[in-house]
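Working notes, beginning with the structure itself.
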Amino acid sequence: MAGELVGARLICDPGSALEVVAVIVEVEAYLGTSDPAAHAAAGRTARNCVLFGPPGYAYVYFIYGNHYCLNVSCMPAGEAGSVLFRALEPVLGAGRMARNRGLDVPPAGKAARLLTSGPGRLCQAFAITRQRDNGKDLVAPGSGLSIMDDGFRVPAIAATPRIGITKAADRPLRYVIAGNRFVSGKR
DNA sequence: TTATAGATTGCCT
DNA sequence: GGCAATCTATAAT
């Protein structure tokens, strides 16, 4: 299920000087055409066609005129289930993430979460854009952007209602590492 | 063709 | 706590 991605790592440009690594600490599941909150609910369009393809591919979309969000398709071709990445915890390359977000140095202490806490922020930290990353294979190494599950089992994953949506907002499809300070939202 | 809502963030008071 | 920024898809003229 979607919660298995929590605790895995998101890696950009491995092996290069630009390498950036972060642990996935918060995701949300979108169930496809049967989920009124999902982009796929209205059927296949030019924007969301990646969702209907094979699993493991990046679906990047632009929202509110300002922000990108990163999903990964997770259902067989023809079905549109996906997982939205909502927050990461930096492991390597925090300085580069900060620069991608227009900062000279990574924020420290309490403000550290500003780097990757939130779907728009994490995309900016990884310099993810629709043009560059939409449709990328996140499972195959060498694509420049990939998910690596190192097998680490997170001790406590909590399921909560999804955030920022107006339809079907009561379903507990958001998975977070309990107590992790990079999880988005208050506190 | 024009209008409006949206899986957000950051800067304003 | 409120609102502007301004891309994409869909609904309404």
Side-chain angles (χ1 to χ4, degrees), chain A residues 1-3 5-6 10 22 24-53 55 57-75 79-90 94 97-136 138 145 147 158-177 181-187:
Chain A
M1 71 166 4
L5 277 173
V6 176
L10 186 65
I24 299 165
V25 301
E26 176 182 354
V27 300
E28 280 177 8
Y30 286 85
L31 306 182
T33 50
S34 63
D35 182 352
H39 283 180
R44 181 175 183 148
T45 68
R47 178 174 66 154
N48 68 20
C49 65
V50 173
L51 295 176
F52 292 84
Y57 283 78
Y59 166 51
V60 180
Y61 66 91
F62 205 55
I63 192 69
Y64 294 123
N66 292 330
H67 304 287
Y68 291 101
C69 294
L70 172 66
N71 294 238
V72 56
S73 62
C74 60
M75 295 289 268
E79 298 178 62
S82 64
V83 172
L84 166 70
F85 291 62
R86 288 195 55 89
L88 308 174
E89 176 173 348
M97 294 182 203
R99 287 195 46 184
N100 286 339
R101 285 185 42 74
L103 305 170
D104 290 333
V105 294
K110 212 169 138 183
R113 45 187 273 95
L114 295 178
L115 211 50
T116 54
S117 177
R121 292 194 186 119
L122 72 87
C123 284
Q124 193 178 8
F126 272 65
I128 289 169
T129 64
R130 187 152 108 102
Q131 180 174 3
R132 197 195 70 166
D133 299 291
N134 193 48
K136 270 190 179 174
L138 297 179
L145 183 68
I147 297 169
T160 77
R162 293 180 292 187
I163 289 184
I165 56 175
T166 57
K167 293 172 249 183
D170 52 340
R171 299 192 200 174
L173 294 174
R174 172 173 174 254
Y175 301 90
V176 305
I177 295 181
R181 72 179 189 284
F182 286 90
V183 168
S184 72
K186 11 184 173 0
R187 167 181 260 279

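Just so we're on the same page: letters track the sequence lines, and every chain starts at 1.
Arg162(A) places its CZ atom 11 Å from the P atom of dT8(B), with the value rounded to the nearest Å. At whole-Å resolution of the value, CG in Leu103(A) and C1' in dT9(B) are 13 Å apart. In this structure, CD1 of Ile128(A) is placed 16 Å from P of dT8(B), rounded to the nearest angstrom. We find that CG of Leu51(A) is positioned 12 Å from C1' of dA7(B), with the value rounded to whole Å. Atom-to-atom, CD of Gln124(A) to P of dT9(B) comes out at 10 Å; the value is rounded to the nearest Å. The NE2-C1' distance, from His39(A) to dT8(B), rounds to 12 Å in whole Å. For the pair Arg174(A) CZ and dT8(B) C1', the interatomic distance rounds to 14 Å; values are reported in whole Å. Across the protein-nucleic acid pair, Lys167(A) atom NZ and dG6(B) atom P stand 6 Å apart, rounded to whole Å.
Rounded to whole Å, the separation between the C1' atoms of dG1(C) and dA7(B) comes to 23 Å. With both ends at atom P, the span from dA4(C) to dT4(B) equals 15 Å, rounded to whole Å.
When heavy atoms are screened at a 4.0 angstrom cut-off, Ile63(A) is found touching base atoms of the nucleic acid. Looking at heavy-atom distances under 4.0 Å, Asn48(A) makes no contact with the nucleic acid at all. Across all strands shown, Arg101(A) has heavy atoms under 4.0 Å from sugar-phosphate atoms exclusively, and none from any base. Backbone-only engagement by Arg86(A) is indicated by non-hydrogen atom pairs under 4.0 Å involving sugar-phosphate atoms exclusively.
Annotation: of the two residues near DNA chain C, Arg130(A) and His67(A), the 5′-most nearest-nucleotide partner is His67(A).
Within the 4.5 Å cutoff, side-chain heavy atoms of Leu173(A) are placed close to those of Leu31(A). Tyr59(A) is listed as a side-chain neighbour of Arg47(A), based on a closest heavy-atom distance under 4.5 Å.
Between the side chain of Arg181(A) and the backbone N or O of Glu89(A) there is no donor-acceptor pair closer than 3.5 Å.
In this structure, the separation between SG on Cys123(A) and CZ on Arg130(A) is 13.0 Å, given to the nearest 0.5 Å. Separation of atoms CD1 (Ile128(A)) and CG (Asp133(A)) is listed at 5.5 Å; rounding is to 0.5 Å. Taking CG from Leu122(A) and CZ from Phe85(A), the interatomic distance works out to 8.5 Å, rounded to the nearest 0.5 Å. Of the inter-residue distances, the one linking Ser82(A) atom OG with Leu51(A) atom CG reads 5.0 Å to the nearest 0.5 angstrom.
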Dot-bracket for DNA chain B, 5' to 3', Watson-Crick and G-U pairs with both distances under 3.5 Å, [ ] for crossing pairs, | for partner on another strand, reads ||||||.|||||.
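Between Tyr61(A) and His39(A), the ring planes lie perpendicular to each other; the angle is over 60°, past the 30° to 60° tilted range.
Between dG10(B), dT8(B), dA9(C), one nucleotide has an atom nearer to the side chain of Arg121(A) than all others, and that is dG10(B).
Distances shown here put every side-chain N or O of Thr166(A) at or beyond 4.0 Å from the OP1 or OP2 atom of dA5(B). Remark: Arg47(A) is not in phosphate contact with dC7(C), judged by side-chain N or O atoms under 4.0 Å from OP1 or OP2.
Contact of Tyr61(A) with dA7(B) (side chain to base): a donor-acceptor pair of N or O atoms is detected under 3.5 Å.
By the stacking rule of 5.5 Å between ring centres and under 30° between planes, Phe62(A) does not stack on the base of dC7(C). Ring stacking is absent between Tyr64(A) and dG6(B), as the pair misses the limits of under 5.5 Å between centres and under 30 degrees between planes.
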